[in-house]
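Starting off with a structure, shown below.
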Amino acid sequence: AAAEDSIDRAALDEIDADPREEDLPEALVHRIVGGENPTRVWREHRGMKGTELAAAAGIAQSYLSQIEGGKRQGSIGALSAIAAALGVTLDDIAPAPAPAPEV
């Protein structure tokens, strides 16, 4: 157990040393895990309005609204631009997959 703890500590130290890693508020994590749209959660966390993010990403505000509302998935190009404008990875704003149907 001590050896496993040591490996875990080393892995966390490596993550903490990476300047690209960001500590996230618990509320943000809970919102995303709870099913809220990650793009909207990150936008609000960054203190941006929809119009500001859309302009920074070079997309129409209505398109961003559809992505945040779950009406459209968004193209890879649009999602990449949104992620870049938010300073996150594409994985950070990817919507959670729908649960598998019960058999």
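Just so you know, residue 1 is the first one in the sequence shown, and it goes up from there. Only a predicted model underlies this, so the values are computations on that prediction, with no experimental measurement involved.
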Original post:
Ser80 side chain to Ile76 main-chain N or O, any donor-acceptor pair under 3.5 Å?
Top reply: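 Looks like yes, one N/O pair under 3.5 Å.
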Original post:
So Leu86 and Met48, side-chain contact (heavy atoms from CB on, under 4.5 Å) or not? Walk me through it.
Top reply: CA-CA 9 Å; Leu86 291 170; Met48 297 177 82; 3.9 Å; yes
Subject >> Arg43 side chain to Thr39 backbone, donor-acceptor under 3.5 Å >> reply: no
Subject >> Nearest-0.5 Å distance, CD of residue Gln66 to NZ of residue Lys71 >> reply: 8.0 Å
**OP:** Quick one: pull up CZ in Arg72 and CG in Leu64 and give me the separation to the nearest 0.5 Å.
**Re:**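 Output value for this atom pair is 11.5 Å.
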Original post:
Measuring from Asp91:CG to Leu79:CG, what's the distance to the nearest 0.5 Å?
Top reply: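 One gets 11.5 Å once the value is rounded to the nearest 0.5 Å.
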**OP:** Provide the closest heavy-atom pair for Ala57 versus Ala81 in the form atom of the first, atom of the second, distance.
**Re:**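 Shortest heavy-atom separation between Ala57 and Ala81 comes out as O-CB, 3.3 Å.
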**OP:** Provide the closest heavy-atom pair for Ala78 versus Tyr63 in the form atom of the first, atom of the second, distance.
**Re:** CB-CE2, 3.5 Å
Original post:
Taking side chain as C-beta onward, heavy atoms only, is Gln61 less than 4.5 Å from Leu53?
Top reply: no
Original post:
If you look at every heavy atom in Leu90 and Ala83, which pair is closest and at what distance?
Top reply: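 Nearest pair, atom of Leu90 first, then Ala83: N-CB, 3.9 Å.
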Original post:
Can you check whether Lys49's main-chain N or O pairs, donor with acceptor, with Glu52's side chain at less than 3.5 Å?
Top reply: yes
Original post:
Run the side-chain contact (heavy atoms from CB on, under 4.5 Å) check on Trp42 and Ile32 step by step: do they pass?
Top reply: CA-CA 9 Å; Trp42 276 105; Ile32 292 172; 3.8 Å; yes
Original post:
Between CD1 of Ile93 and CD1 of Ile82, what distance do you get to the nearest 0.5 Å?
Top reply: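 So the CD1 of Ile93 and the CD1 of Ile82 are separated by 5.5 Å.
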Original post:
Shortest non-hydrogen contact from Ile67 to Asn37?
Top reply: O-ND2, 3.0 Å
Original post:
Taking Arg31 for the side chain and Glu36 for the main chain, is one N or O donor matched with an acceptor at less than 3.5 Å?
Top reply: no
Original post:
For the residue pair Pro38 and Asp92, what are the closest heavy atoms and their distance?
Top reply: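 Reported closest heavy-atom pair: CB-O, 3.5 Å.
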